Amino acid sequence: MELIVSEKYNAAERIAGILSKDSATRETVSGVTVFKWGGTYCMGLAGHVVKVDFPDEYNDWGSVSPASLVDVEITKRASKPDIVSALNTLASEADRVIIATDYDREGELIGKEAYDLVRAVNDTAPVDRVRFSSLTGPEVRNAFEDPDEIDFDLAAAGEARQRIDLRWGASLTRFLTLASNQRGDGFISVGRVQTPTLKLLVDREREIEDFDPDDYWEIYADLGQTLDGDSFEAQYFFLNDQENEAERLWDEETANAVYRDVDDASEATVETVDESTRNDNPPIPFNTTEFIKAANAIGYDAKPAMNVAEDLYDDGYVTYPRTDNTVYPDDLDPRELLETLSEASPFEADAEALLDQESISPTAGETETTDHPPIHPTEDVPKKKALKGREWEIYELIVRRFFATLADAATWRKLRVDVDVEGHSLKANGSRLVDPGYHAVYPYYDTGETTIPAVAEGDALQIVESRLDEKQTRPPNRYGQSQLVEKMESLGLGTKSTRHNTIEKLYDRDYVTGNPPEPTDLARKVVSATEEYGAHVASAEMTAQLEADMTAIADGGTTLDDVTGSSREMLEDVFDDLQRARDEIGELLRAEIDESDSVGDCPECGEPLLPRQANSGSRFVGCNGYPDCEFTLPLPNKGRPHILDELCDDHGLHHVKMIAGSKTFVFGCPRCQQRDAADTDDRVIGDCPECHAREGGELAIKRVHSGSRLVGCTRYPDCEYSLPLPREGEIEVTDDVCGDHDLPEVVVHQEDSSPWQLGCPICNYERYKN
DNA sequence: GCAAGGTC
């Protein structure tokens, strides 16, 4: 017996129909419908039927540290038990198995998963792989006549993605969730695709908030043959330094001066009249992104649009809606499809008009793939009554887009008139649609015309009215859903099948609200936390790197283990930083800030000031309003900060104690410490042994940001030479000079103890080292 | 309860 395995039910049905010449019968195996003819069975999977996961004992978030997910083995288990069971049953009896999953990377992995399942119950039957670019008779028959082998390297590339996504996503999600004491469905989710997508929205929101508008002016005049007849609008322009045409005046004085001239004048003289013809080419075929964009324009969000398209596909009315392809395959005969569509009354006239064109040559986009054709209607045309309102609306959009890709270009007549007013130039642009071309069958684009009357060079026109508009530059707009899908596509984030789902997920997780999606406070905090501590997962760069690695795996240039191994090392480093900053991250993410955690109110914005730790490990007091407010104060790096009840008389801030075992000490008011540090002028005590000969660097006693002191080179950061000094006590620089190092001897005066003869800082450091 | 990717 021979077994054919395809990626989905619909494909299995088509393949069975083609290969059996429609003689295949249905049978049910383990509750799954399969197709049978002669000695052949054909079954469809449902995409991935196995799932990567951690071992069961790692499912308890409470008892397993998120960091341990970095190293634990990843297992696979059946996620579609019925289908796996049907495959087992059929595969165990098969003498030959043919993998016919989609012709793309994920299809190769799904095929390899089926191969593993087959091999578990049957270690002898040969397993072949067939690849075809469309589910049509010639393509499919061709592929089965000349079968190939599974590309295990390509499948391994897909598996690398699975493993890396699971490890990073699950471990970081658990870490952030637990660190912020979130419970239940309030978990804080991050991932390679969703977090950079969210960051796009947050970054744009930051841009909008930070936007500083500029004033500018525009000048308009309404011109007519007579003062009370028809008029048209002309706009002032000038040539800027680059000799480009500009309409915006950035200087109020100039704007007023030009406007006075125009306003005082009563006539304009026509200088030039330019007439031209512009071709307006029809749009490219629908891939998923183009479809979502068009559906968006008629009021559908990304996810609902895809849901309707998937329903239409299931009913057989349109081709597969998840595709990157923008080039119709050779086996699509547009004329034949037009004839079929013309038999359906609502489209008859438009289809006939297209069939009457001199030639029919479809447009094509830049992306051509091998798995599915661009979205187009099938030969099976539904009656309008058979569909719900939304379904018909989307179906009509797909039919009309197909029409548009076959239609002629539209032609516009453009008219440009330049006039002179007192030495100033004004222009008017008119446009008229002389041949509607594809617009006749695709009425979704604006074809508004701007009319300008016939004028000739040298004509004098009346200035009916003039206007000085004061305007301001505006911040960028938020991303709309379809723009976001396009941006994701250009960055390689997600796939045709997932982008709309990822956006939906951002809504479900309370990361965005409204439309266009606006990021919530939680989203800003999650993005800030991941930017600071797990930057790789917040950046689209991770995907770019993964794509490159997957290509290398597929080409045999590297291996799955190498790629996942170095990814794990990187994740380990991320966790080193995360563990150190766990408390700070928790505070950052927690919705309500506990007053007892705060040093006081930020003098700049009033938000609570909180002890934090940077990626580098260094501690500081930061404003909870970050990143909007960047106010900080120093903290020592040694020990954990503890907020005391005692308040500073000068600044009203709590004193801070640093808990560090026997080295525990009271740091005091961070603001006083900052002031004192700033007041301490660097005292030069000698030459830098590292760089004085070459660069003239000198050694000075310094107090650094954290409040600790050192002897360091004045050329820091170019020269990093430094020697330690004690934190506490007043430092006296004596006149005694060390014979070995030519530096003064130092004495430290501490409260409650006799002076500490520290001596030459270099000698002191040598002793300390030993 | 975690990701992203298939598909239903």
Side-chain angles (χ1 to χ4, degrees), chain A residues 6-12 31-33 44-54 56 58-70 72 74 76 79-80 82-83 101-102 104-114 155 157-179 182-198 288 306-307 309-311 313-315 320-323 371-372 488 492-506 508-509 526 530 534 537 542-543 546-547 550 567 571:
Chain A
S6 77
E7 186 153 326
K8 44 190 165 277
Y9 176 86
N10 275 298
V32 175
T33 304
L45 304 172
H48 293 285
V49 295
V50 294
K51 184 180 166 156
V52 289
D53 204 354
F54 302 114
D56 282 344
Y58 283 79
N59 283 339
D60 182 3
W61 292 37
S63 66
V64 176
S65 85
S68 63
L69 299 181
V70 178
V72 64
I74 288 176
K76 286 188 182 182
S79 57
K80 301 275 166 36
D82 286 359
I83 294 175
T101 48
D102 289 355
D104 59 13
R105 183 176 60 218
E106 215 62 25
E108 206 69 21
L109 176 54
I110 290 166
K112 192 260 186 181
E113 287 162 357
E159 204 162 335
R161 181 203 56 70
Q162 282 187 322
R163 288 162 172 269
I164 288 169
D165 283 343
L166 176 63
R167 251 189 236 290
W168 282 75
S171 64
L172 292 175
T173 294
R174 285 198 199 176
F175 180 89
L176 293 182
T177 304
L178 296 172
Q182 295 291 333
R183 296 263 173 266
D185 56 2
F187 66 86
I188 293 177
S189 119
V190 293
R192 173 180 59 83
V193 173
Q194 60 168 289
T195 306
T197 302
L198 188 58
T288 301
M306 284 305 288
N307 284 348
E310 280 155 12
D311 286 346
Y313 162 73
D314 285 339
D315 292 341
Y320 196 62
R322 298 190 277 256
T323 177
D371 48 355
H372 302 286
M488 290 172 76
L493 294 172
T495 72
K496 59 202 189 270
S497 311
T498 60
R499 290 184 195 112
H500 55 280
N501 287 323
T502 299
I503 294 175
E504 190 74 1
K505 197 187 302 188
L506 297 182
D508 292 345
R509 303 273 154 92
V526 170
T530 44
V537 84
M542 179 168 176
T543 291
L546 182 59
E547 285 292 341
M550 285 194 290
S567 168
L571 185 54

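None of the values given here were measured: they were computed from a predicted structure.
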Should A:W61 be counted as stacked on B:dG1, where stacking needs a ring-centre gap under 5.5 Å and an angle between planes under 30 degrees?
yes
Using a 4.0 Å heavy-atom cut-off across all strands, classify A:R322 as base, sugar-phosphate, or nothing.
base
Could you check A:K51 against A:E113 for salt bridge (Lys or Arg N to Asp or Glu O under 4.0 Å), going step by step and ending with a plain yes or no?
CA-CA 10 Å; A:K51 184 180 166 156; A:E113 287 162 357; over 6 Å; no
Using a 4.0 Å heavy-atom cut-off across all strands, classify A:Y58 as base, sugar-phosphate, or nothing.
nothing
Closest to side chain of A:H48, choosing from B:dC8, B:dA4, B:dG6
B:dG6
Distance below 4.0 Å between A:R192 side-chain N/O and B:dG5 OP1 or OP2
yes
Tell me whether the side-chain N/O atoms of A:T498 come closer than 4.0 Å to OP1 or OP2 in B:dA4.
no
Under 3.5 Å, is there a donor on one side chain and an acceptor on the other for A:N501 and A:T498?
no
Answer with base, sugar-phosphate or nothing: what part of the nucleic acid does A:R174 contact at a heavy-atom distance below 4.0 Å?
base
Determine whether a donor-acceptor pair (one donor, one acceptor, N or O, separation below 3.5 Å) exists between the side chain of A:D53 and the base of B:dC2.
yes
Most 5' of A:Y320 and A:A170 on DNA chain B, judged by nearest nucleotide:
A:A170
In this structure, how many angstroms lie between the P atom of B:dG1 and the CG atom of A:L176, rounded?
19 Å
Protein-nucleotide distance (A:L166, atom CG; B:dG1, atom P), rounded to Å:
15 Å
Given B:dG5, B:dC2, B:dA4, which nucleotide is nearest the side-chain atoms of A:D165?
B:dA4
Pairing residues for A:H500 by the ring pair (Phe, Tyr, Trp, His ring centres under 6.0 Å) criterion, not counting sequence neighbours:
none
Side chain to side chain contact (heavy atoms under 4.5 Å, CB included) with A:D104: which residues, sequence neighbours excluded?
A:D102, A:E106, A:D371, A:K496
Taking all non-hydrogen atoms of both residues, which atom of A:R499 and which atom of A:G494 are closest, and how far apart?
NH2-O, 3.1 Å
Contact class for A:D102 vs. all strands (heavy atom < 4.0 Å): base, sugar-phosphate, or nothing?
sugar-phosphate
Would you please say whether a donor-acceptor pair under 3.5 Å links the side chains of A:R322 and A:T288?
no
Select from A:E7 and A:S171 the residue whose nearest nucleotide in DNA chain B is closer to the 5' end of that strand.
A:S171
Name the nucleic acid region contacted by A:G494, choosing base, sugar-phosphate or nothing; use a 4.0 angstrom heavy-atom cut-off, strictly under.
sugar-phosphate
Does OP1 or OP2 of B:dC8 have a side-chain N or O of A:K80 closer than 4.0 Å?
no
Identify which nucleotide among B:dA4, B:dG1, B:dG6 has an atom closest to any side-chain atom of A:T177, counting heavy atoms from C-beta outward.
B:dG1
Are any of A:Q162's side-chain N or O atoms less than 4.0 Å away from OP1 or OP2 of B:dA3?
no
Quick one: A:R167 CZ to B:dG5 P, roughly how many Å, whole number?
18 Å
Starting at atom CG of A:D56, determine the distance to atom P of B:dC2, rounded to an integer number of angstrom.
16 Å
Contact class for A:E310 vs. all strands (heavy atom < 4.0 Å): base, sugar-phosphate, or nothing?
nothing
So, is A:T502 close to the B:dA4 phosphate, meaning a side-chain N or O under 4.0 Å from OP1 or OP2?
no
Once you round it to whole Å, what is the distance between C1' of B:dA3 and CZ of A:R509?
9 Å
Starting at atom NE2 of A:H372, determine the distance to atom C1' of B:dG6, rounded to an integer number of angstrom.
10 Å
Please work out if A:V49 contacts a base, only the sugar-phosphate, or nothing of the nucleic acid, heavy-atom cut-off 4.0 Å.
nothing
Decide, yes or no, whether a salt bridge links A:E159 with A:R163 under the criterion of side-chain N to carboxylate O below 4.0 Å.
yes
Could you tell me the separation between the CD atom of A:E504 and the P atom of B:dA3, rounded to a whole number of Å?
15 Å
Atom pair distance, as rounded to whole Å: CE in A:M542 and P in B:dA4:
10 Å
Starting the side chain at C-beta, find the nucleotide from B:dG6, B:dC2, B:dT7 nearest to A:N501.
B:dT7
If the cut-off is 4.0 Å, is A:S189 near the phosphate of B:dA3, judged by side-chain N/O to OP1 or OP2?
yes
